[in-house]
Amino acid sequence: MLRNLFSKSPAAAETEPGSGVPEPAESRSFTVGWLLSTEQASIIWDTPRPVRVESQSNEPKSVGQCPSVLDFDRRHFVINCPIDVHLRLNMTGGTMDITNVLADKSPIRPEALQRWIVFQPKSEWRHPQRPVLQMLTSYVFVSDDPLYINQYPPIFHYTADRRPGIQISGRFPIDIWPRSLQWAFEWHDTSKDLILKRGEPLFYVRFEGPDPSAPVRLIEAKKTPELESYMASISGVSEIVGQTYSLFKTARERRPAKLLLPKE
């Protein structure tokens, strides 16, 4: 006999109020600190903020007021682009020429741009016709809680100048691996220009821990001597070791008990 689809299951009945089964305790929050790895020109980096998609409707049942949507958005933090870039790529005869279309009108000098935007060697690309470039940022995220950082493309913000490729995303544990984030881009359609504008979202970050329902509190972190020393111990290891994940066990053993302190 088929069970009535609208009847309450035994499991559901046991968790009803007054059944004697304790309700789950309220989730604790996790704290994440952000800081800039260098003070030089640090004023160009905006403070990371929760994603907020503007809504023109105050209707309680509208998309902009949906609790599920709001909870999803606020768990993502936006990192804005610090510079204006308009790059054009020419791949002919096995060579690759990069042109800054803004030329003399560009606010960033050519020698500075070469330090900001770096192309990986072709042997390190995932596809021989899709160049990979990187922008090293100054953002470092750290936590004393066991948290992973996830780096995403800015999927909630619409821009008319769509990027001609995809962002290479990644994740790693910030409690044992506080390092400067990189923005990596795989250029798929090399016939189209790559346009980045200062102040527009460059990428998002989201944090995951042992309790997916727990909220994350983002604070500005203090660059303590202990944190600087620990960051120095993991800096540059990717140029020496091929698989940095193999170093996580050692990093956890050598990690100071406290790395995150709020900036005064």
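For this chain, numbers begin at 1 and follow the sequence in order. These values consider heavy atoms only, across backbone and side chains, with no hydrogens, waters or symmetry-generated copies.
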Trainee: Strictly under 6.0 Å, is that where the ring centroids of Tyr139 and Phe77 end up?
Mentor: no

Trainee: By salt bridge (charged side-chain N to carboxylate O under 4.0 Å, His left out), which residues pair with Arg130, not counting sequence neighbours?
Mentor: none

Trainee: Working to the nearest 0.5 angstrom, can you tell me the gap between Trp45 CH2 and Ile43 CD1?
Mentor: 13.5 Å

Trainee: Tell me, with the steps shown, if Glu226 and Lys258 meet salt bridge (charged side-chain N to carboxylate O under 4.0 Å, His left out).
Mentor: CA-CA 8 Å; Glu226 292 79 10; Lys258 188 76 173 176; over 6 Å; no

Trainee: Hydrophobic clustering (ILVMFWY, side-chain heavy atoms < 4.5 Å, transitive) - are Ile155 and Ile166 grouped together?
Mentor: no

Trainee: Val85 versus Ile195: any side-chain heavy-atom pair under 4.5 Å?
Mentor: no

Trainee: Heavy atoms, side chains only, cut-off 4.5 Å: are Arg28 and Pro215 in contact?
Mentor: no

Trainee: Please walk me through it: do Arg126 and Val132 pass side-chain contact (heavy atoms from CB on, under 4.5 Å)?
Mentor: CA-CA 8 Å; Arg126 293 192 293 194; Val132 175; 5.7 Å; no

Trainee: Identify the two heavy atoms, one from Trp183 and one from Leu202, that lie closest to each other, and give their separation to 0.1 Å.
Mentor: NE1-O, 3.6 Å

Trainee: Ignoring hydrogens, what is the shortest heavy-atom contact between Gln151 and Ser169? Give both atom names and the distance.
Mentor: O-CB, 2.9 Å

Trainee: How close do Ile176 and Ala251 get, heavy atom to heavy atom, and via which atoms?
Mentor: O-CB, 3.9 Å

Trainee: With the threshold set at 4.0 Å, does a side-chain nitrogen-carboxylate oxygen contact exist between Arg217 and Asp145?
Mentor: no

Trainee: Tell me, with the steps shown, if Asp175 and Arg252 meet salt bridge (charged side-chain N to carboxylate O under 4.0 Å, His left out).
Mentor: CA-CA 8 Å; Asp175 57 320; Arg252 193 173 298 280; 3.2 Å; yes

Trainee: How long is the gap from CD on Gln134 to CZ on Phe119, to the nearest 0.5 Å?
Mentor: 11.0 Å

Trainee: Do Leu113 and Ile44 sit in the same hydrophobic cluster, where Ile, Leu, Val, Met, Phe, Trp and Tyr count as joined when their side-chain heavy atoms come under 4.5 Å apart?
Mentor: yes

Trainee: Run the numbers on Val140 and Met231 for side-chain contact (heavy atoms from CB on, under 4.5 Å), then give the verdict.
Mentor: CA-CA 10 Å; Val140 177; Met231 288 171 56; 3.9 Å; yes

Trainee: Can you give me the closest heavy-atom contact between Phe203 and Val205, atom names plus distance?
Mentor: CE1-CG1, 3.8 Å

Trainee: Testing the basics here: between Cys81 and Lys197, what is the closest heavy-atom pair and its distance to 0.1 Å?
Mentor: CB-O, 3.4 Å

Trainee: Within a 6.0 Å radius of atom CZ on Arg171, are there more than 12 heavy atoms belonging to other residues, nucleotides or ligands?
Mentor: yes

Trainee: Going hydrophobic residue to hydrophobic residue with side-chain gaps under 4.5 angstrom, can you get from Ile219 over to Val32?
Mentor: yes

Trainee: Out of curiosity, Thr224 OG1 to Leu35 CG, how far, rounded to the nearest 0.5 Å?
Mentor: 9.0 Å

Trainee: Is the backbone of Asn150 close enough, under 3.5 Å, to the side chain of Glu208 for a donor and an acceptor to pair up by distance?
Mentor: no

Trainee: Holding to ring pair (Phe, Tyr, Trp, His ring centres under 6.0 Å), I want the full list of residues that pass it with Trp125, two or more places apart in sequence or in another chain.
Mentor: none

Trainee: Under the criterion ring-ring contact (aromatic ring centres under 6.0 Å, His included), which of Phe141, Tyr148, Trp34 is the partner of Phe207?
Mentor: Phe141

Trainee: Hey, are Ser37 and Ser180 close enough side-chain-wise for a donor-acceptor pair under 3.5 Å?
Mentor: yes

Trainee: Are Leu259 and Leu247 joined in one hydrophobic group, where the rule is that I, L, V, M, F, W and Y side chains link up if heavy atoms are under 4.5 Å apart?
Mentor: yes

Trainee: Less than 4.0 Å between a side-chain N and a carboxylate O, is that true for Asp193 and Arg88?
Mentor: yes

Trainee: For Thr190, what residues pass the side-chain hydrogen bond (donor to acceptor under 3.5 Å, both in side chains) criterion, not counting sequence neighbours?
Mentor: none

Trainee: Check this for me: Glu253, atom CD, are more than 12 non-hydrogen atoms of other residues, nucleotides or ligands nearer than 6.0 Å?
Mentor: yes

Trainee: State, without any angle test, whether Glu200 and Asn80 hold a side-chain donor-acceptor pair at a distance under 3.5 Å.
Mentor: no

Trainee: Could you tell me if the side chain of Leu196 sits less than 4.5 Å from the side chain of Met135, heavy atoms only?
Mentor: yes

Trainee: Are more than 12 heavy atoms, taken from residues, nucleotides or ligands other than Lys223, located less than 6.0 Å from that residue's NZ atom?
Mentor: yes

Trainee: Heavy atoms, side chains only, cut-off 4.5 Å: are Leu194 and Pro164 in contact?
Mentor: yes

Trainee: Just how far is it from atom CG of Leu89 to atom CG of Asp97, taken to the nearest 0.5 Å?
Mentor: 8.5 Å

Trainee: To the nearest 0.5 Å, what is the distance between CE (Met96) and CH2 (Trp187)?
Mentor: 9.0 Å

Trainee: With side-chain contact (heavy atoms from CB on, under 4.5 Å) as the criterion, how do Arg109 and Arg115 come out once you've worked through the C-alpha distance, each side chain's angles and the decisive distance to 0.1 Å?
Mentor: CA-CA 10 Å; Arg109 294 180 177 178; Arg115 294 194 300 267; over 6 Å; no

Trainee: Walk me through whether Ile149 and Leu181 qualify under side-chain contact (heavy atoms from CB on, under 4.5 Å).
Mentor: CA-CA 10 Å; Ile149 188 172; Leu181 293 183; 4.0 Å; yes

Trainee: Within a radius of less than 6.0 Å around CD of Glu124, do more than 12 heavy atoms belonging to other residues, nucleotides or ligands occur?
Mentor: yes

Trainee: To check you understand the geometry: which heavy-atom pair defines the closest contact between Val78 and Pro201, and what is its length?
Mentor: CG2-CB, 3.6 Å

Trainee: Consider only side-chain N and O atoms of His86 and Asn100, and report whether a donor and an acceptor are under 3.5 Å apart.
Mentor: no

Trainee: Is there a path of hydrophobic side-chain contacts, each under 4.5 Å between heavy atoms of I, L, V, M, F, W or Y residues, that connects Trp116 with Ile98?
Mentor: yes

Trainee: Per the side-chain hydrogen bond (donor to acceptor under 3.5 Å, both in side chains) rule, which among His157, Arg75, His76 passes with Tyr204?
Mentor: His157

Trainee: Please tell me whether Phe248 and Phe172 form a close aromatic pair, meaning their ring centres lie under 6.0 Å apart.
Mentor: no

Trainee: Say you draw a straight line from CD of Glu186 to CZ of Arg163; how long is it, rounded to the nearest 0.5 Å?
Mentor: 14.5 Å

Trainee: Does the side chain of Val237 reach to within under 4.5 Å of the side chain of Trp177, using non-hydrogen atoms?
Mentor: yes

